[in-house]
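In what follows, a structure is listed as structure tokens, so that the remarks can point back to it.
Scope of the values below: all heavy atoms of this structure, side chains included, with no hydrogens, waters or symmetry mates. Starting from 1, each residue takes its place in the sequence as its number.
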Amino acid sequence: DDFLNMAFPPTLPSIEHVTINSFAQHDLSWRTGASSVLIPNVLEFESPPPEEVTESDFRERIGLEPDDIMLLQPTRVVPRKGIEHSISLVSQLKNPKFKLVVSHESGDEGLEYQHALTELAKDAGVDLRFVPTDSSESAPPSGNGASVASLAEVYAQADLITYPSLYEGFGNALLEAFYYKKPVMVNRYSIFIADIEPKGFEVITMNGFLTRHVLEKVRRVISDDEYRQEMVERNYELGKKFFSYSVLRRKLRSLITSFTGLDDL
């Protein structure tokens, strides 16, 4: 521990430190005295999603009816993702047309949480589906012959994204919701409050628990097409401004051109 505390991360003139969020930036400075450049997660907002994902038959493949309302939780099945809040949301909406889809795998922290969620959804009368996805644009069939959807088409086919995580390092799924122009309900985790919310994104927020106001906002977003479109277009433009590839290029260019050890290489 003494050696680690003394030498890692090293504070050398030949090293530039980069952090992904302001909490990490402050923590690095407090613990080591090292300054850092904050570079957040980014997506290619300059290039909109391909049209073919919006024309996918994904909903039909998983057995949804044309008028079903698909709520997507695009996270791994681990306790810190707060999937029980999404189940509670669907239960309290009291509309059998609302269906909850979870798009990522479980198992890296055991299967107990998934089993508990399955039982919770069954007791609450919630249609919960775990659908395997692939991060590529066109997903291959799975080994058992079932269709594996690409993450892109799952996002494109969703009506609302639920993101009730208890804590996150940043929140890639939130950026993905903005990129695919989907309304999103988010639990106000610390990094969201510090680094994302101040940018002005319009989302449905909860503070650790569901309220009547959250339910009313969800209902309005689903039923009011004009309101929903204004919301997602605003979020897309803000994503392009603050979390796009152009932001990454600018940050990297600044790092490289100001690198004090460059002449010594």
Side-chain angles (χ1 to χ4, degrees), residues 21 23 41 58-59 62-64 68-133 135 149 151 154-155 157-178 180 182-194 196-197 201-223:
N21 60 58
F23 277 55
N41 284 2
F58 166 74
R59 292 168 68 103
I62 66 171
L64 295 183
D68 281 340
I69 301 166
M70 176 180 150
L71 276 62
L72 171 66
Q73 172 130 357
T75 66
R76 292 181 297 126
V77 186
V78 295
R80 70 180 177 89
K81 300 299 184 178
I83 301 173
E84 60 273 14
H85 290 300
S86 297
I87 294 173
S88 179
L89 172 66
V90 176
S91 175
Q92 293 185 49
L93 287 169
K94 301 184 185 303
N95 185 338
K97 286 299 179 181
F98 282 85
K99 309 295 172 65
L100 178 60
V101 173
V102 180
S103 63
H104 287 53
E105 299 287 350
S106 60
D108 56 342
E109 294 184 17
L111 296 174
E112 291 83 1
Y113 183 55
Q114 180 172 339
H115 295 157
L117 292 173
T118 301
E119 290 299 317
L120 180 64
K122 182 179 179 181
D123 292 342
V126 171
D127 188 328
L128 170 64
R129 306 176 187 216
F130 297 96
V131 179
T133 59
S135 59
L151 190 57
V154 176
Y155 267 107
Q157 295 299 310
D159 295 297
L160 176 76
I161 309 301
T162 61
Y163 199 51
S165 289
L166 307 183
Y167 59 91
E168 290 287 345
F170 188 80
N172 242 15
L174 190 56
L175 295 190
E176 289 166 350
F178 299 153
Y180 287 100
K182 298 298 175 178
V184 55
M185 182 201 78
V186 59
N187 194 16
R188 297 179 69 244
Y189 58 94
S190 58
I191 304 303
F192 171 79
I193 294 172
I196 302 174
E197 189 174 45
F201 290 97
E202 190 171 351
V203 299
I204 303 167
T205 57
M206 56 178 280
N207 289 287
F209 53 89
L210 291 169
T211 63
R212 180 178 298 178
H213 177 69
V214 173
L215 297 176
E216 290 173 352
K217 288 275 287 185
V218 169
R219 290 191 178 100
R220 182 183 178 189
V221 163
I222 295 298
S223 62

Would a 4.5 Å heavy-atom cut-off, applied to side chains only, mark [X] and [Y] as touching?
| X | Y | result |
| --- | --- | --- |
| Phe98 | Ile222 | yes |
| Ile196 | Tyr189 | yes |
| Pro74 | Ile161 | yes |

Looking at Thr118, Val101, Leu100, which hits side chain to side chain contact (heavy atoms under 4.5 Å, CB included) with Phe130?
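Testing Phe130 for a side chain to side chain contact (heavy atoms under 4.5 Å, CB included) against Thr118, Val101, Leu100 leaves exactly one candidate, Thr118.
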Would you find a donor on one side and an acceptor on the other, under 3.5 Å apart, between the side chain of [X] and the backbone of [Y]?
| X | Y | answer |
| --- | --- | --- |
| Lys182 | Ala158 | yes |
| Thr133 | Ser103 | yes |
| Asn21 | Gly169 | yes |

Taking all non-hydrogen atoms of both residues into account, name the closest pair between [X] and [Y] and its distance.
| X | Y | value |
| --- | --- | --- |
| Lys81 | Gln73 | O-NE2, 3.0 Å |
| Val184 | Leu160 | N-CD1, 4.0 Å |
| Gly208 | His85 | O-CE1, 3.4 Å |
| Phe23 | Ala194 | CE1-CB, 3.4 Å |
| Met185 | Met206 | CE-SD, 3.7 Å |
| Glu84 | Leu117 | N-CD2, 3.8 Å |

Any donor-acceptor N or O pair under 3.5 Å, side chains Tyr180, Gln157:
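Checked: Tyr180/Gln157 side chains show no N/O donor-acceptor pair below 3.5 Å.
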Enter the distance from [X]:[atom1] to [Y]:[atom2] here, rounded to the nearest 0.5 Å.
| X | Y | atom1 | atom2 | result |
| --- | --- | --- | --- | --- |
| Tyr163 | Leu175 | OH | CG | 8.5 Å |
| Leu174 | Ile191 | CG | CD1 | 12.5 Å |
| Lys217 | Thr211 | NZ | OG1 | 11.0 Å |

Flag yes if more than 12 heavy atoms outside Lys97 fall under 6.0 Å of its NZ atom; otherwise flag no.
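Count over threshold, so yes.
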